[in-house]
Amino acid sequence: MRVLERRGIVGGAAVTEEFHPGFRNSTCSYTVGLLDPAVIRDLRLAEHGLRVVERPFANFLPLPGGDAFRLGGEHTGPEVARRSARDAQRLPAYAAMLERAVAVLRRLMHRTPPNLGEAMTLPDWLASWEVARELRGLDLAARRDLLELFTRSAGDLLDAWFECEPLKAALGWDAIVGNFASPYAAGSAYVLLHHVFGEVNGKPGAWGHAIGGMGAITQAMARECEARGVRIDTRAEVAQVRVEGGRARGAVLADGREVLARRAVIANVNPKLLYQRLLPREALDADTARRIDAYRCGSGTFRMNVALSELPDFACAPGTRLQPHHQSGILIGHSLAYFERAWSDARSRAHNPGWAREPVVELVIASTLDDGLAPPGAHVASLFCQHVHPQVEGGWDAHRETVAQLMIDTVDRAAPNFRRSVIAHSALSPLDLEREFGLVGGDIFHGALGLDQLFSARPLLGQADYRGAVAGLYLCGSGTHPGGGVTGIPGRNAAREILRDLRRRPRPR
Ligand SMILES: Cc1cc2nc3c(=O)[nH]c(=O)nc-3n(C[C@H](O)[C@H](O)[C@H](O)COP(=O)(O)OP(=O)(O)OC[C@H]3O[C@@H](n4cnc5c(N)ncnc54)[C@H](O)[C@@H]3O)c2cc1C
């Protein structure tokens, strides 16, 4: 088996790189919580050195007026109770409702969705039956919850449960991560659910940090691949998938080299990138071509890595000495209304070429959990920022630095030493995410996680079983079920289907 990677390093959006001399950080994805325990086990990631540490608590939200809200650990109950006794009472029922839904979701994630194409095969009927059986096992209340989670907006869902604004913001953040939408957009409750199905070190719903950054995960995967005889070629950009006689036969590289695939071509790129740019257009039927053109991509995400001379000194939690809130996900954005304003600002482009004047920023200072990332005394932070328009007027090259400064100012308003502590920064606009990582429209999930692009419809009806538009072509990345995040699950499911086909078809001589 041979892996062809365009960049100089494997790992895609889960890599650790030096962005300023002496300062390393996870370049794109920055926190681990969805990585599947079965993938950790199968690929022996722990044996290859992967270690994940947990945050002391999940989120810290500086609030207007000098207060702060802490979610997770022992904080949630008391923090909510002092704002709303009713919400504190409801929290356990909300957690139980999510846990029931997550249990179903986890099982569905590991299945190949029924392929609702023209000719359903026996495995498709069996898969449909298994899904029906899964749902029949739920009582009526759980079915109603599931329906709401799959169709409603996160805002409507959370408003029906709670009144405490910072609580709803802390929970609702998951609904807008990588989702260029209002928290009141139908379907955003699913995005929230998608961010809570995981676990860290056996703790459900937790998020943590991979020592060495996200690249530690993919480097461990690469080591296991190499141990099993996989050849990994970096700086090997695929320009075209070679199709002959209606079958994928290999790849033509940008430098002119050709790689022959004896048995299968497996694409781990965004389906839109695969079908619009890498596969000859004539290999697609007209309907598939039209629908892939309409496949929704675009995350509204702006991502920065920042080298810091000292820790942020929050007005609501003073001090530059390391404190637990520095080790949590620090969220600038205190209400669902704030999130909605940020989206509508970027979407309308009424005030600038296409970004929120008051963006939502999650700040994760990885060096507070992993001192190998920055020189002694200094720190590295990830800024994960929503919302920016995937396409701004005048193009992102003209506006990247203006928006980077806006993000720094946004954190500075909560921690007034932040701007002066910045030694260096790097910034990735949606255009940079597309150019550098192949993330079309800057979509961090290889396509929006909407009901129209999930399960049997990911990436399209008729291609949900990881088999692509032509024979011998398979898809295995986030554009396939169960979607985005550093999970390893699409690849694991795809491998199962590919092996099934290869066992049926003898190895060619
Ligand atoms: C800014 C950002 C923040 C995120 N934060 C988190 C997070 O904290 N936690 C989390 O779980 N998930 C996060 N995600 C999502 C997660 O990183 C992605 O869903 C996941 O990495 C996708 O993995 P993948 O293997 O499907 O594809 P990718 O990681 O996108 O890998 C695709 C690979 O294909 C290569 N490629 C593209 N075109 C070609 C070509 N023509 N020839 C050869 N190679 C090519 C690319 O260089 C890339 O290496 C984030 C993503 C981004 C972008």
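For the numbers below, each heavy atom of this structure counts, side chains included, while hydrogens, waters and symmetry mates do not. One-based numbering along the sequence shown. Counting starts at 1 for both ligands and their atoms, in listed order.
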Tell me which one of [options] gets a heavy atom nearest to [atom].
atom                    : options                : answer
atom 11 (O) of ligand 1 : Thr487, Val486, Asp432 : Val486
atom 7 (C) of ligand 1  : Thr31, Val241, Thr27   : Thr31
atom 3 (C) of ligand 1  : Phe302, Phe384, Phe445 : Phe384

When you measure from [atom] to every protein heavy atom, which one gives the shortest distance, and what is it?
atom                    : answer
atom 36 (N) of ligand 1 : Val269 CG1, 3.8 Å
atom 25 (O) of ligand 1 : Asn268 ND2, 2.9 Å
atom 42 (N) of ligand 1 : Val238 N, 2.9 Å
atom 19 (O) of ligand 1 : Gly485 N, 2.8 Å
atom 15 (C) of ligand 1 : Ile444 O, 3.5 Å
atom 47 (O) of ligand 1 : Glu5 OE2, 2.7 Å

Numbered atoms and elements of ligand 1 in range of [X], under 4.0 angstrom, heavy atoms:
X      : answer
Leu4   : 43 (C), 44 (N)
Phe437 : 46 (C)
Gly12  : 29 (O), 31 (O), 48 (C), 49 (O)
Ala13  : 17 (O), 21 (O), 28 (P), 29 (O)
Gly484 : 19 (O)
Ser478 : 19 (O), 20 (C), 22 (C), 23 (O), 24 (P), 26 (O)
Glu237 : 41 (N), 42 (N)
Gly477 : 26 (O)

Out of curiosity, is Leu273 lining ligand 1, as in a heavy atom under 4.0 Å away?
yes
Run the contact test for Ala236 against ligand 1 with a 4.0 Å cut-off on heavy atoms, strictly below, and give the result.
yes
Would you call [X] and [Y] a salt bridge, using N to O less than 4.0 angstrom?
X      : Y      : answer
Arg500 : Glu497 : yes
Asp452 : Arg296 : yes
Glu237 : Arg235 : no
Asp36  : Arg106 : no
Arg467 : Asp501 : yes
Arg303 : Glu436 : no
Asp293 : Arg291 : no

Does some side-chain heavy atom of Ile365 sit less than 4.5 Å from a side-chain heavy atom of Val380?
no
Could you tell me whether the side chain of Ser188 and the main chain of Ala154 form a donor-acceptor pair under 3.5 Å?
yes
Going by atom types alone, do Gln463 and Tyr474 pair a side-chain donor with an acceptor below 3.5 Å?
no
So Phe314 and Phe60, would you call those rings parallel, tilted or perpendicular, with 30° and 60° as cut-offs?
perpendicular
